[in-house]
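Each ligand, and each atom within it, is numbered from 1 in the order the structure gives. Residue numbers count from 1 along this sequence. Keep in mind that what you see is a predicted model, and the values were worked out from it rather than measured.
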Amino acid sequence: MERTQVVILGAGPAGLFLSHLLHLGGIESVVLERRDRAYVEGRVRAGVLEFGAAELLREAGLGGRMDREGLVHRGINLRFAGQRHRLDFEDLVGRGILVYGQQEVVKDLIAARLAAGGTIIFGADAVRIEGIESTRPTVAYDTSSGQGELAADVVAGCDGSHGTSREALTGARRFERIYPYAWLGILAQTPPAAEELIYAYHERGFALHSMRSPAVSRLYLQVAPDEELDRWPEARIWEELRLRLDEPSLRPGPVIESSITPMRSLVIEPMQAGRLFLAGDAAHIVPPTGAKGMNLALADVSVLAGALLEWYRSGSTALLDSYSADCARRVWRAQHFSSFMTQLLHRDPQGDPFEHRLRLSNLAYLSGSRAAAKSLAENYVGAATGALG
Ligand code: APR
Ligand code: PHB
């Protein structure tokens with residue numbers, strides 16, 4: 001059986017950034033990833049980095065391409081009742097956000113790990129975690145050429161929303177909410193129709209305008225949770241985007257990727273049992289409306305890496321013991337904000353007129369009151385957790 005200090009399940013932002021941070025602190029790890037490298041690097045996900053998350057990547061020496069190619073946004077737009085309102089985050093809370101695709105973060109992290117001689121085993125599906133209550137947990141994994149097994153001091157479950165590590169976490173509580181909506185997302189070769197994101201509440205349903213570069217747009221539509229992609233030919237998608245976003249400069253272009261994502265909120269608490277620690281989507285899932293998923297993943301592992309380094313350095317388990325509690329405040333703030341944004345911006349599937357008027361009233365309040373706008377801005381850019389006391 002092979003041995004390492006920390007075995008990490010999953011080469012998403014959580015697993016890769018953890019491996020990178022541990023390496024900077026002189027700790028060895030092995031990352032097991034079920035998929036192949038091309039799949040992981042090509043998987044289209046969200047793309048908003050909070051100010052603090054971008055800063056974490058920069059401090060870890062990963063800011064080069066991100067700062068050259070990422071798009072700095074000072075604010076976002078809300079569109080409802082036929083009008084667009086801008087929320088100027090820089091003005092409201094003194095910080096903006098960085099639009100940089102999660103898959104680009106993943107590519108940068110893989111490149112950095114491989115350049116430093118790190119081990120990522122692609123095509124390795126972790127199937128069994130054992131001994132988490134002992135000092136020598138093990139992970140068994142399947143590859144196309146047979147089974148392998150790794151022993152370590154600690155197992156980090158960074159294997160996302162469909163991973164296996166969550167099942168191995170005995171005794172944890174599960175908090176969950178399913179929403180009656182899904183997002184149909186496309187990546188399209190067309191210049192963005194506006195400089196910043198547009199979150200649109202429309203009687204036909206929610207729509208979001210985002211981007212990846214001056215030539216590539218990322219667009220989303222609210223659809224029913226059981227919607228099928230083949231009911232949405234490109235012409236229908238563009239027509240619906242035109243109606244809901246109502247942006248005269250939106251131009252249809254070749255669709256590079258499309259998918260439907262169901263929406264749910266999930267928290268597993270505590271995020272730890274014995275020598276198993278969960279991070280990122282393995283521990284909690286947010287609906288994408290608040291753009292928090294990747295930010296939470298990066299923040300979790302920066303706490304976990306700090307705790308592990310302290311433990312290896314001094315033998316103290318204090319930070320490891322408080323890992324879950326230390327993450328919980330940020331996780332629950334993001335859960336609340338994501339749930340709030342989701343309810344605010346999606347059309348009630350029953351078309352309840354009372355719900356509709358409540359949403360319009362709150363959107364008008366957020367656009368008209370500096371106090372309300374500031375609260376949204378604080379949460380969106382990730383400045384709210386500092387105010388939690
Ligand atoms: N063995 C090995 N790898 C696995 C296993 C397994 N049993 N199960 C899942 N994986 C891999 C997945 O293939 C994926 O590459 O774990 C990785 C998890 O990565 P992400 O899903 O990107 O999760 P995370 O790193 O927590 O990042 C969270 O991803 O889903 C988005 O919105 C979410 O932005 C957030 C981010
Ligand atoms: C994206 O650019 O993919 C994106 C932006 C904002 C969100 C969700 C996704 O809330």
Side-chain angles (χ1 to χ4, degrees), residues 7-19 30-37 39-50 53 70-71 73 76 97-106 109-110 120-129 139-143 148 150 155-168 183 185-187 192 196-199 206-213 216-220 257 259 261 263-264 266 278-301 334 337-338 341-342 345 380:
V7 56
I8 300 173
L9 276 56
L16 291 167
F17 192 41
L18 177 60
S19 177
V30 172
V31 179
L32 300 174
E33 168 55 50
R34 174 188 276 172
R35 304 287 193 157
D36 63 29
R37 181 174 174 183
Y39 181 93
V40 171
E41 293 192 335
R43 188 167 44 193
V44 182
R45 294 276 185 74
V48 172
L49 284 168
E50 292 171 353
L71 308 165
H73 285 201
I76 59 165
I97 49 160
L98 191 67
V99 177
Y100 189 58
Q102 179 169 317
Q103 81 201 88
E104 306 307 323
V105 173
V106 164
L109 282 163
I110 290 176
I120 307 170
I121 311 181
F122 289 101
D125 187 5
V127 288
R128 211 172 49 251
I129 302 170
V139 178
Y141 59 94
D142 287 340
T143 69
L150 269 166
V155 179
C158 302
D159 46 350
S161 51
H162 302 295
T164 50
S165 63
R166 199 185 288 153
E167 311 312 320
W183 278 13
I186 61 166
L187 195 65
E196 292 173 335
L197 272 60
I198 306 169
Y199 286 85
F206 168 75
L208 171 60
H209 166 273
S210 181
M211 62 213 65
R212 289 293 176 268
S213 74
V216 176
S217 298
R218 179 80 171 139
L219 299 149
Y220 298 94
E257 193 263 359
S259 61
T261 319
M263 301 181 87
R264 64 178 172 139
L266 173 76
L278 301 192
D281 270 22
H284 39 69
I285 298 168
V286 284
T289 330
K292 290 286 170 238
M294 171 167 48
N295 297 289
L296 285 179
L298 297 174
D300 282 354
V301 297
F337 179 64
S338 307
M341 288 285 278
T342 301
L345 289 159
Y380 200 100

Exercise for the section: Looking only at non-hydrogen atoms, find the nearest pair between E33 and A11 and report the distance. Expected result: OE1-N, 2.7 Å
Problem - Those atoms of ligand 2 less than 4.0 Å from some heavy atom in A291 - result: 6 (C), 7 (C), 10 (O)
Problem - N or O contact, R43 vs ligand 1, cut-off under 3.5 Å - result: yes
Problem - Proximal ligand 1 atoms for D125, defined as those under 4.0 Å from one of its heavy atoms - result: 1 (N), 6 (C), 7 (N)
Fill in the blank from the handout: Within 4.0 Å of some non-hydrogen atom of V48, the atoms of ligand 2 are 5 (C), 6 (C)
Handout entry: Those atoms of ligand 2 less than 4.0 Å from some heavy atom in P288
Key = 7 (C), 8 (C), 10 (O)
Practice task
For R43, enumerate each residue passing the salt bridge (Lys or Arg N to Asp or Glu O under 4.0 Å) test, keeping only those at least two apart in sequence or located in another chain.
Solution key: none
Exercise for the section: Flag G163 as yes when one of its N or O atoms lies below 3.5 Å from any N or O atom of ligand 1, and as no otherwise. Expected result: no
Handout entry: Nearest-option assignment for atom 6 (C) of ligand 2, heavy atoms, candidates W183, Y100, Y199
Key = Y199
Exercise for the section: Provide the number and element of each atom of ligand 1 under 4.0 Å from a heavy atom of M294. Expected result: 34 (O), 35 (C)
Completion exercise
Quick look: A124 vs ligand 1, heavy-atom contacts under 4.0 Å, and the answer is backbone
Exercise for the section: Go through ligand 2 atom by atom and flag the ones less than 4.0 Å from a non-hydrogen atom of R218. Expected result: 3 (O)
Practice task
Would you mind listing which atoms of ligand 2 come within a distance below 4.0 Å of any non-hydrogen atom of G47?
Solution key: 1 (C), 2 (O), 3 (O)
Completion exercise
For L197, the atoms of ligand 2 under 4.0 Å from one of its heavy atoms are 5 (C), 6 (C)
Problem - For Y220, atoms of ligand 2 separated by under 4.0 Å from a heavy atom - result: 1 (C), 3 (O), 4 (C), 9 (C)
Exercise for the section: Run the contact test for R212 against ligand 2 with a 4.0 Å cut-off on heavy atoms, strictly below, and give the result. Expected result: yes
Handout entry: Geometric N/O contact G160 with ligand 1, under 3.5 angstrom
Key = no
Practice task
Please lay out, stage by stage, how F206 and W183 fare under the test side-chain contact (heavy atoms from CB on, under 4.5 Å).
Solution key: CA-CA 9 Å; F206 168 75; W183 278 13; 3.2 Å; yes
Completion exercise
Atoms of ligand 1 under 4.0 Å from any heavy atom of T164, numbered from 1 in the order shown, are 7 (N)
Problem - R212: partners by side chain to side chain contact (heavy atoms under 4.5 Å, CB included), with sequence neighbours left out - result: V99, L187, S210, V216, R218, Y220
Exercise for the section: Check each heavy atom of S165 against ligand 1 and say whether those closer than 4.0 Å belong to the side chain, the backbone, both or neither. Expected result: neither
Problem - Test of proximity, D281 against ligand 1: N or O pairs below 3.5 Å - result: yes
Exercise for the section: Select the closest option to atom 25 (O) of ligand 1 among G47, A14, G280, S161, judged by heavy-atom distance. Expected result: A14
Practice task
Classify the contact between R45 and ligand 1 as side chain, backbone, both or neither, using a heavy-atom distance cut-off of under 4.0 Å.
Solution key: side chain
Handout entry: Sole candidate of T164, L9, I121, V7 that passes side chain to side chain contact (heavy atoms under 4.5 Å, CB included) when paired with Y141
Key = I121
